[in-house]
Asker: 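Take a look at the following structure, please.
We use all heavy atoms of the structure for the numbers below, so side chains are in, but hydrogens, waters and symmetry mates are not. Ligands are counted one by one from 1 in listed order, and the atoms in each one are counted from 1 as well.
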Amino acid sequence: MPRLTPLRRQYLEIKRQHPDAILFFRLGDFYETFDDDAKTAAEALDLVLTSRPVGKNQRVPMAGVPHHAAEGYIARLVARGFKVALCEQIGSETVDGLMPREVTRVFTAGTVMEPGMLDARRPNYLATAIHDGQRAGLAYADITTGAFATTQLASPRALAEELARLAPAELVLPDDEAAVTDMPVVSRLPRWRFEEGNARQTLLRHFGVQSLDAYGCEGKSLAIRAAGALLHYLQETQRGGVGQIQRLATYSLDGFMALDSATRRNLELTETFLGDRRASLLGILDRTVTPMGARLLRERLTRPLLDVAALNTRLDEVEALHGSGLARAALRDTLKSVPDLERLANRAVSGRASPRDLQNIEVALAAVPALREATADLPALATLAAALDSCDEIAGLIQSAISDDAPASLGKIGVIRPGFSAELDGVMTSSAHAREWVAALEPRERQRTGIASLKVGFNKVFGYYLEVTHANADLVPDDYIRKQTLTNAERYITPELKEYETLILNAEERILAIERRVFAEVCGRVGDAAPRLLATAAALAGLDVTAALAEVAARRDYARPALRDDIGLEITAGRHPVLELGDGLDRFVPNDTRFGERSRIQIITGPNMSGKSTYLRQVALIVLLAQIGSFVPAAAATIGLTDRIFTRIGAHDELHAGRSTFMVEMVETAQILNHATERSLLILDEIGRGTSTYDGLSIAWAIVEYLHNHPRLRPRTLFATHYHELVGLAELLPLVANFNVAVAEEGEDVVFLHAIVPGGADRSYGIHVAQLAGLPRDVIHRAGEILKELERHAPTAAVEPSHLRRPQQAALFPETSPILDELAELDVTAMTPMEAINMLYAWKRRYGGET
Ligand code: ADP
Ligand code: MG
């Protein structure tokens, strides 16, 4: 093996421990990367790739960044999914000619704390997942807020859904577990880290407890395994400890409305199909003015409640601010300048707070009295207001400890306010005193010795000295100690001069060191108060969300929903919260919704572009808004709490690429049939459209029958379809009712009224849509002729509403529905696409009449 330099050997040793990270290796004022890391970094960061000698006749690639600019570069790498291990020089002395070095921090997408690397308005979750083939464990944490939670789930499918809901920035899996597609950054831990014994030990040791009872996960082995592995990963990356994780919450999905990922996508909750956040439901609702509020609102939106009492508390709060525009304005105005107390407090706990961060904590606390004042007359807000704690001692401590004009970060003198630390003041005054003393020395000694030419000077080798020419040598007093002889002068020192010299030279370093220590103490005391600070932060967030929802309600004319523990659902003049704001829309037509005993399942027919999809989504969104504790876009609404909302959109209607297959549609539909309950709300939009007409119609028909007849099901259902034949179901099934979108014919022209009315639609008005789309008049006209001709020769049920009858295909599924029973039996998640296709072919042969 060729001889390597000691530095190279040190590098390789450290790199060996961080094979999956880009190693930022501190060399003087730079962080350097080497070998493949250098190539990656140079490519990703536009750095110049150079090389460095590492031994006799050997060079390796190198690329570096200045240490003071490192954070920005690290942020860019982390944003691209890389990990960065930061290797620092430890201490200031070389050992055997080499600086000791150590990795002090590993930056990963799910564990960064730097504001510059984070989106302030959303949480930054790190998640771990583990399963035993059947059940699964999932834990997540946000070290910027101290959130740490774990759950045990019944199936890998539930795990995938919960992961989709959380949208973590990083997912840690056992090293031998296949990565899930669609996932963000995936990191690895050895599988034994996920073993129950190890995981439990990690948790017990971190929390300093004997059992996990207090955290509610005792007995839930998969939840423990996920949580323990997660904590271990945090400790590995943070090095300095993860004090901000102060408790673990074990949660269950039972308390929340379930929204699978397809539904969340279809309802465009946090972004639209096209990735637009502003036109999503969250975009419309989010009038919060603090990052804490923004994060809380997002969390509430992804996790609607099932608890009437809890929701009514939220609604009471919103109503109070809805009713008082003055209080709302005052509150929002004050909140606007409140910094992110939650993340700031956690930086104090983790020891990463800057002087500016502490000052911002004080700024946040200073807003408390004004917020109390603004809410004083609103009893409904008393609980939130009472939770605001101005933490006076902490604010006072920061005020007295940190200088007004402190530098933003440590490393420069002037962080600590004079008068706070006697020791620091002592060093400051004595160094000032020493400078004055040295400055006054020359005149003083000239006078004492009578040597008019005596000089005080300084050089690097001897420090301060007194210089006397040979001519005056006999006047030199006894206490002078000779240090150096020059051609025509002697240089002396005195013990006192040396003392002052030490004071002066050490002062700056000492001041920096003391400030650092004092700051760390202050930071520690602030960190100790974190539970109180975080409680205040939570109350701030709650007020912000409440004020935002009240603001939206007031501006958009929303009404407070009445919540019930039953399966009723009644909406008067409901609107679609996003589309009603659409540009180019003259007027949004409100619609009523009412699910009665004889209209549990509603078939909605109507021409293309008449407003079916809009109506369906609007009902789902109103229910969802009610269950996060928001007012709703309607004149009035009574909502029976809904345990799950399912939305399924026929394949051809689903816009975004990659999922537009009939297969996906059927997989998702099978999910509903297996999981819906009587308390669910189903939104089925053009289901069955992704295949040829008769297949699609048959499947749609059979699905409605199944929903209707299965005793576990009978959920409130809105089924929009362009299969007019389906209106025949209402005659056969008692819980099914028909609705359609009203159309007015004015002479030759047809006008879509966007109003949902009882009864089935009679025509599809496809030609009218073509006209709206701008097809040439001649084409429209000719199409009209052809249609008339066709209708004359082959009249269909669709054009003659009085001749409602079952479509022929439906006869294939008389009282029972073999295909549906088979579909329900299928474990679709266990099938390969090929098996699924073969299954479809088999059905097609058996039921579809073709080969
Ligand atoms: P469909 O599903 O019946 O094809 P959509 O729900 O997609 O129709 O609606 C088509 C368009 O009609 C929407 O983009 C919107 O511009 C308009 N629209 C829908 N519902 C309404 C309404 N209630 N009031 C006003 N315009 C509406
Ligand atoms: Mg539609």
Asker: So which heavy atom on D592 is nearest to which on A573, and how close?
Answerer: OD1-N, 2.6 Å

Asker: For atom 2 (O) of ligand 1, which candidate among A720, G582, S613 provides the closest heavy atom?
Answerer: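 Looking at heavy atoms only, the winner is S613.
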
Asker: Verify the distance criterion only: is there a donor paired with an acceptor across the side chains of D316 and T313 at less than 3.5 Å?
Answerer: no

Asker: Within a strict 4.5 Å, meaning less than it, do heavy atoms of the F719 and Q602 side chains meet?
Answerer: no

Asker: Show the nearest heavy-atom pair for residues D260 and I645, with the distance to one decimal.
Answerer: OD2-O, 4.4 Å

Asker: Which atoms from ligand 1 have a heavy atom of N608 less than 4.0 Å away?
Answerer: 4 (O)

Asker: Looking only at N/O atoms, are N591 and ligand 1 under 3.5 Å apart anywhere?
Answerer: no

Asker: Heavy-atom contacts with T614 under 4.0 Å: which atoms of ligand 1 show up? List them by number with element.
Answerer: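 Selected atoms, number and element: 5 (P), 6 (O), 9 (O), 19 (C), 20 (N).
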
Asker: Considering H576, M609, E580, E686, which one's heavy-atom position lies nearest to atom 10 (C) of ligand 1?
Answerer: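 Considering heavy atoms of H576, M609, E580, E686, the nearest to atom 10 (C) of ligand 1 sits in M609.
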
Asker: Quick one: is the NZ or CZ of R303 closer than 6.0 Å to the six-membered ring centre of F256, and within 45° of its axis?
Answerer: yes

Asker: Any nitrogen or oxygen of F588, main chain or side chain, under 3.5 Å from a nitrogen or oxygen of ligand 1?
Answerer: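 For ligand 1, there is no N or O atom that lies under 3.5 Å from one belonging to F588.
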
Asker: Give a yes/no answer: is there an N/O/S atom of S613 under 2.8 Å from the Mg ion (ligand 2)?
Answerer: yes

Asker: Quick one: does A755 get within less than 4.0 Å of ligand 1, heavy atoms only?
Answerer: no

Asker: Does CZ belonging to R712 count more than 12 external heavy atoms closer than 6.0 Å?
Answerer: yes

Asker: Could you go step by step and tell me if D565 and R679 meet the salt bridge (Lys or Arg N to Asp or Glu O under 4.0 Å) rule?
Answerer: CA-CA 10 Å; D565 244 327; R679 303 185 65 111; 3.3 Å; yes

Asker: Please state whether S610 comes within less than 4.0 angstrom of ligand 1, counting heavy atoms only.
Answerer: yes

Asker: Against heavy atoms of P607, which atoms of ligand 1 measure under 4.0 Å?
Answerer: 3 (O)

Asker: Considering the heavy atoms of G611, write down every atom of ligand 1 situated less than 4.0 Å from one of them.
Answerer: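 Answer for ligand 1: 1 (P), 3 (O), 5 (P), 6 (O), 8 (O), 9 (O), 19 (C), 20 (N).
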
Asker: Output the list of atoms in ligand 1 that are nearer than 4.0 Å to some heavy atom of R587, sorted by atom number.
Answerer: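 Near R587, meaning under 4.0 Å from one of its heavy atoms, ligand 1 has 24 (N), 25 (C).
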
Asker: Do the side chains of R648 and T263 get nearer than 4.5 Å, heavy atoms only?
Answerer: yes

